[in-house]
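Remarks on the structure that follows.
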Amino acid sequence: MRTIRFLLQKEFRQIFRNRSILVMVLVMPVMQLFILPLAANYEVKNINLAIIDNDHSSYSQKLISKITASGYFRLTGYVFSYKEALHLIEEDKADLLLEIPHGFEKNLVKDNHEQLFVAVNAINGTKANLGGVYLSSVIRDENNEIRLQLVEPARFQAQPGVEITTSNWFNPYLDYHLFMVPGILAVLVTMIGGFLTALNIVKEKEVGTIEQINVTPIKKHHFILGKLIPFWVLGNVVFTLGLVVARLAYGIMPAGSILLLYGFVWVYLLAVLGFGLLVSTYCDTQQQAMFIMFFFIMIFILMGGLFTPIDSMPDWAQVVTRFNPVSYLIDVMRMIVLKGSGIRDVLPRLGVILLFALVLNTWAVLNYRKTS
Amino acid sequence: MDAVIVNHLRKVYQDKTAVDDVSFAVKKGELFGLIGPDGAGKTSIFRMLTTLLLPDAGSATVDGYDVVKDYKAIRNLAGYMPGKFSLYQDLTVEENINFFATVFKTTVAKNYDLIKDIYIQIAPFKKRRAGKLSGGMKQKLALCCALIHRPSVLFLDEPTTGVDPVSRKEFWEMLRKLKEQEITIIVSTPYMDEADLCDRIALIQDGKILSIDTPNAVVAAFPDKLYAVKADQMHRLLKALQASPLVKDSYAFGEYAHVTFEGDLEQELAKQGLTGIELQTTPVTIEDCFIKLLKEKQ
């Protein structure tokens with residue numbers, strides 16, 4: 001016990017003397033939580049639209065004003081030929097083309113039928129996809145209005161119609177902050193816990209201090225506990241800071257129990273620190289450790305369901321995400337913060353994370369050798 | 001019983017044999033020197049004796065404990081000062097000493113008498129961080145930390161490399177004093193002039209031991225009379241010595257050339273047009289013995 005106490009004392013002294021660690025732990029998460037959720041926004045706005053109006057009728061004018069009034073589109077070109085419009089796309093001045101054919105209004109009134117042409121620049125997949133969908137829905141809307149005007153009231157009642165109204169649960173206004181902030185906080189906790197642990201132990205190897213420690217009768221598990229506990233505490237500091245920022249800057253209050261949130265993070269940190277520890281046992285220099293950590297953190301983030309839902313990944317990728325601890329934390333954070341899930345909902349995931357923690361730490365302890 | 005017994009120890013890194021069938025024994029309370037150039041295998045031997053490295057063959061005991069089987073016991077009774085300064089640079093002098101005392105489950109107060117002479121020299125800087133100390137001070141601090149648990153065997157790996165001559169001298173005086181405390185000391189060094197300060201030395205090269213004896217006996221074993229020779233044209237002199245049939249062995253040594261020969265060398269050199277020739281006998285040093293042993297091996 002006395003040994004552990006002194007190891008902890010030494011470790012905390014070193015941490016408080018290292019300015020860059022303090023900055024990393026205190027400033028970085030706060031800044032990132034302020035900036036990233038504002039930037040990581042799924043809503044696509046300011047789609048550049050070029051219109052080729054071959055009709056110049058009141059219907060085509062009405063359609064154009066409706067599209068530009070929707071707020072999603074920015075009319076960047078009003079041209080007279082498809083060629084010119086395509087040129088705008090090539091110059092990256094337009095993302096979408098809408099061509100209104102000659103005789104649009106006349107044919108619509110006479111034949112009750114007319115076609116519009118939409119071309120999408122698919123270089124940015126998300127923008128193209130969403131832009132196309134927005135545009136079609138505006139056109140559909142306009143179509144309905146025209147129909148209302150043209151069709152006689154008597155027949156209108158005879159026509160059956162299905163109207164769809166959606167209601168968003170747990171996030172009624174589809175506020176992206178509510179969704180992104182817990183996810184980003186999960187990534188931050190992972191990065192800081194994992195990196196600090198891995199780099200710290202490798203630094204002892206690099207500087208040679210581990211050599212001096214290894215010739216002492218210090219027990220393996222004492223040494224490792226002496227490393228894990230300080231970073232576990234720092235992980236909690238980061239998490240708490242993150243929750244405070246989420247509350248103050250975004251007004252996010254967890255719908256569920258904060259204690260449950262902490263409980264999960266406590267176990268989760270053990271798993272992440274175990275991972276950092278494991279990486280450190282395989283590396284000899286901080287550079288190696290850095291690159292290995294980056295490799296895994298990239299996978300953890302991109303396959304953790306932060307940006308793209310896991311359900312829409314291919315089957316093999318979904319299998320991989322089951323071995324990604326970050327995906328569990330992001331999931332649980334969103335469950336507790338948005339949905340107010342209770343312990344029974346979280347329990348299966350808690351079990352998996354506990355298993356991660358046990359396996360990773362045992363592996364790390366077994367692989368840590370005092371003798372080479 | 002001997003404090004350290006090394007028996008046919010061998011360590012191979014990939015395809016390089018770092019330690020090749022090394023055997024020696026160190027008596028209790030002895031100051032034993034491993035003398036050899038960089039890359040001779042000194043550090044590998046130290047690392048095996050301090051349980052940091054597993055030998056590939058052979059065995060060794062420290063205070064009767066096997067380095068492989070009883071590594072736990074050895075970690076309690078051996079003190080090790082690695083060649084590279086490896087204390088915590090961001091902790092102060094005082095914090096480093098206290099930390100290592102605690103790790104060995106003892107306190108500074110209990111063993112203060114042992115480190116007192118050394119510690120008072122660094123005491124004025126006890127609040128300074130170890131990384132900010134001068135080279136000589138770092139050595140003293142490292143020695144204090146290696147001694148804090150009153151080890152029975154002290155391993156010092158090149159303790160004077162990169163230390164100024166005055167600090168080197170002080171360091172060896174400290175080792176002399178420690179010897180009086182009956183601590184067995186094994187020290188490695190690439191400096192031949194430090195060999196005379198050891199009780200016994202082992203000359204080591206390419207992982208093999210060339211000779212083990214007291215410094216005096218090693219010197220006495222030198223079979224020939226050794227001369228130092230100097231001329232105005234040193235470069236030509238060295239070439240002439242190497243070409244001469246009279247010369248058994250010759251090599252540059254400081255401002256002189258050391259040479260062993262039979263016959264009248266001075267006359268022969270004068271015949272070759274060298275001027276200002278000085279030829280005199282010179283006492284044999286450990287370095288001369290080392291060079292001779294190396295050449296014999298080849």
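Convention: sequence-line order gives letters A, B, ...; per-chain numbering from 1. Computation of the quantities below employed the complete heavy-atom set of this structure, encompassing side-chain atoms and omitting hydrogens, waters and symmetry-equivalent molecules.
Surrounding OH of Y13(B) are more than 12 heavy atoms belonging to other residues, nucleotides or ligands, all under 6.0 Å away. Atom CH2 of W363(A) is surrounded by 12 or fewer heavy atoms from other residues, nucleotides or ligands within 6.0 Å. Taking a 6.0 Å sphere around NZ of K16(B), one finds it holds more than 12 heavy atoms contributed by other residues, nucleotides or ligands. Crowding of Q181(B) atom CD: a count of heavy atoms from other residues, nucleotides or ligands under 6.0 Å exceeding 12. Heavy atoms of other residues, nucleotides or ligands lying less than 6.0 angstrom from OH of Y112(B) number more than 12. More than 12 heavy atoms of other residues, nucleotides or ligands sit less than 6.0 Å from atom CZ of F171(B).
Among all heavy-atom pairs drawn from R75(B) and T216(A), the shortest one is CD-O, 3.6 Å. The two residues T3(A) and K105(B) have their closest heavy-atom pair at OG1-NZ, 3.5 Å. The shortest heavy-atom contact between E206(A) and K84(B) is O-NZ, 3.0 Å. Contact detail for Q14(A) and L91(B): the closest heavy-atom pair is CG-CD2, 3.9 Å. The two atoms that bring S86(B) and G208(A) nearest to each other are CB-O, 3.0 Å, heavy atoms only. For the pair V215(A) and Y80(B), the tightest heavy-atom approach, listed with the atom from each and the gap, is CG1-CD2, 3.6 Å.
Looking at F99(B), only its side chain comes within 4.5 Å of chain A, counting heavy atoms on both sides. For I210(A), no part lies near chain B; criterion is any non-hydrogen pair under 4.5 Å. Using a 4.5 Å cut-off between heavy atoms, F100(B) contacts chain A through its side chain alone, with no backbone atom that close. Neither the backbone nor the side chain of Q9(A) comes within contact range of chain B, judged by heavy atoms closer than 4.5 Å.
With rounding to the nearest 0.5 Å, the separation of NZ in K10(A) from CD in E95(B) is 11.5 Å. Atom NZ of K203(A) and atom CG of D90(B) lie 5.0 Å apart (nearest 0.5 Å). How far CD1 of I213(A) is from CG of L87(B): 9.5 Å, rounded to the nearest 0.5 Å.
With 3.5 Å as the limit, one finds no donor-acceptor pair spanning the side chains of Y88(B) and Q212(A).
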